[in-house]
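The structure under discussion appears below in the form of structure tokens.
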Number of protein chains: 2
Amino acid sequence: MSMATSTYHHGDLPSALRAATVELITERGPTGFSLREVARRAGVSHAAPAHHFGSSKGLLTSVAAEGFATLVAAFDEAVEGLDDPIERLNAMGKAYVRTALNNPGHFGVMCTDELVDDADEAFIEASVGAYQRLLDGITAIRDAHNPSLDIDAAATMTWSAVHGYAVLHSALPGVAEKNERVLATMDETMNSFTKMMMDGYRAR
Amino acid sequence: MSMATSTYHHGDLPSALRAATVELITERGPTGFSLREVARRAGVSHAAPAHHFGSSKGLLTSVAAEGFATLVAAFDEAVEGLDDPIERLNAMGKAYVRTALNNPGHFGVMCTDELVDDADEAFIEASVGAYQRLLDGITAIRDAHNPSLDIDAAATMTWSAVHGYAVLHSALPGVAEKNERVLATMDETMNSFTKMMMDGYRAR
DNA sequence: AATTTTCGCTTGACACTGTCAAGACATCAC
DNA sequence: GTGATGTCTTGACAGTGTCAAGCGAAAATT
């Protein structure tokens, strides 16, 4: 047989372990993560994860890469059909915060870089892919509104602002209460961000 | 006798434990932190920290509070003698990033909120004190430049941008190499941030 | 001055953690 | 069928946070 998700004894243990990891971190936060508890939830022995991911860092890195891939997909979906560069950047900002708050298990790992192996290929590819989306967005704004815009500075500030907002406003654990409230007001906040930043990015 | 720093057997064990914690986290990152290793470095038994701080969370909360107090002091020192509101906010932004990168042991704990007890009094006081400095700075800009500026939105974005910048650019461990390079270019980056944001905050 | 209480800290134990080496065992290639 | 491969288990190791009990010095009380 050739089911994509079926390999050997378990079926697709790596994916099951990632899923259990996300579930566990969503419940207890990155601190509450434990390789053995993940193994327990996946119904395998305590040393099974190490076989696939080497160490706990390997597993978390894989989860982080998955998170960045999700983010990239969210970016692409958010800008679909939008032409105006400012609208596109605004949509990406909202998509970033929304993805972060809706996937707290992933997000918590993605942005605590000491949990992650920066040299991992899949991780690098997904994360630079995400940043590239932002750079493209800023470049489009430069082309449309302000030829002398410093793309790196603008990109750094944009990413910092949105990332900082998400970090400061995502609570983990205890997602339900707080994150939903933030999501409710997030659109308006992002609109403010966009307006304030765009006034700066545009030529005067 | 009545030496302020001398209490009992050790002298001032709580402070010594905080110092050892900062040292340890600077070396190995928040993940590498261990209550027993801290006790070892302070030269006391493995359960001594719990006696003063209850749990590892208590110790880390105390370290975080110390970090916010340091930040408040850095804010106040940075704006001293400056009158122009924009200059003052710019100086505060630089002070934030500088403090974060120069005190990575503290900063790492301050901004991973699951390590910290949000209900701790000293922690609350120090952290809202820091945020209040920012609010005051934004308010001054509103008064001087733009009566209709939304203070909360501007404050959120400012804090997010600066915090996000610090988070994304502080490496831990491995401080020496990276953080110094960031610090070298940080002033210029913060000036860009200020310029871009101020164009947005000012009335058009 | 003697004695009790208080407080700082130690000791020992518990269940838990990540990682490593060795083995079991199903599948695949041949 | 036989060996090789890769998946997973088992067992052990040192290390962890936290708890209960105990020790001994200082302070308070008498």
Side-chain angles (χ1 to χ4, degrees), chain A residues 1-21 23-25 27-64 109 112 114-117 120 173, chain B residues 1-21 23-25 27-64 109 112 114-117 120 173:
Chain A
M1 69 171 122
S2 61
M3 282 180 55
T5 59
S6 150
T7 54
Y8 199 56
H9 291 153
H10 180 280
D12 187 3
L13 187 52
S15 291
L17 292 171
R18 269 190 297 269
T21 299
E23 184 191 281
L24 177 57
I25 295 182
E27 279 177 28
R28 306 190 194 167
T31 300
F33 166 80
S34 133
L35 214 44
R36 287 171 112 107
E37 174 64 23
V38 165
R40 238 170 268 134
R41 294 187 179 208
V44 292
S45 79
H46 67 263
H51 180 69
H52 288 279
F53 295 103
S55 67
S56 87
K57 196 172 198 169
L59 174 52
L60 293 175
T61 301
S62 181
V63 169
V109 178
T112 59
E114 69 164 334
L115 297 178
V116 158
D117 176 16
D120 182 81
Chain B
M1 72 170 123
S2 61
M3 280 181 55
T5 59
S6 153
T7 54
Y8 198 57
H9 293 151
H10 180 280
D12 187 4
L13 186 53
S15 292
L17 291 171
R18 269 190 297 267
T21 300
E23 185 190 280
L24 177 58
I25 295 181
E27 280 177 28
R28 305 189 195 169
T31 299
F33 167 80
S34 136
L35 214 45
R36 287 172 113 106
E37 174 65 22
V38 164
R40 237 171 269 133
R41 293 187 180 208
V44 292
S45 79
H46 67 263
H51 180 68
H52 289 280
F53 296 102
S55 67
S56 87
K57 196 173 197 168
L59 172 53
L60 292 174
T61 301
S62 182
V63 168
V109 178
T112 61
E114 71 166 332
L115 297 178
V116 158
D117 176 16
D120 182 81

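Below, read A as the first sequence line, B as the second, and so on, with proteins coming before strands; counting in each chain starts at 1.
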* Go through the side-chain N and O atoms of B:Arg18 and B:Thr21 and say whether any donor and acceptor fall under 3.5 Å apart. => no
Expected string for nucleotides 10-21 of chain C under the B/S/- scheme (protein heavy atoms, under 4.0 Å, primed atoms plus P, OP1, OP2 as sugar-phosphate) is BBBB---SBBB-
Atom CG of B:Leu59 and atom C1' of D:dT16 are separated, to the nearest Å, by 15 Å
> Got a donor-acceptor contact below 3.5 angstrom from the A:Ser34 side chain to the A:Glu37 backbone?
Replying inline: yes
Correct closest heavy-atom pair for A:Leu13 and A:Ala48 would be CD2-CB, 4.2 Å
Query - Chi angles and distances behind the side-chain contact (heavy atoms from CB on, under 4.5 Å) call for B:Thr31, A:Thr112 - result: CA-CA 10 Å; B:Thr31 299; A:Thr112 59; over 6 Å; no
Notebook entry, point to check: Can you check whether B:Asp117's main-chain N or O pairs, donor with acceptor, with B:Thr61's side chain at less than 3.5 Å?
Noted result: yes
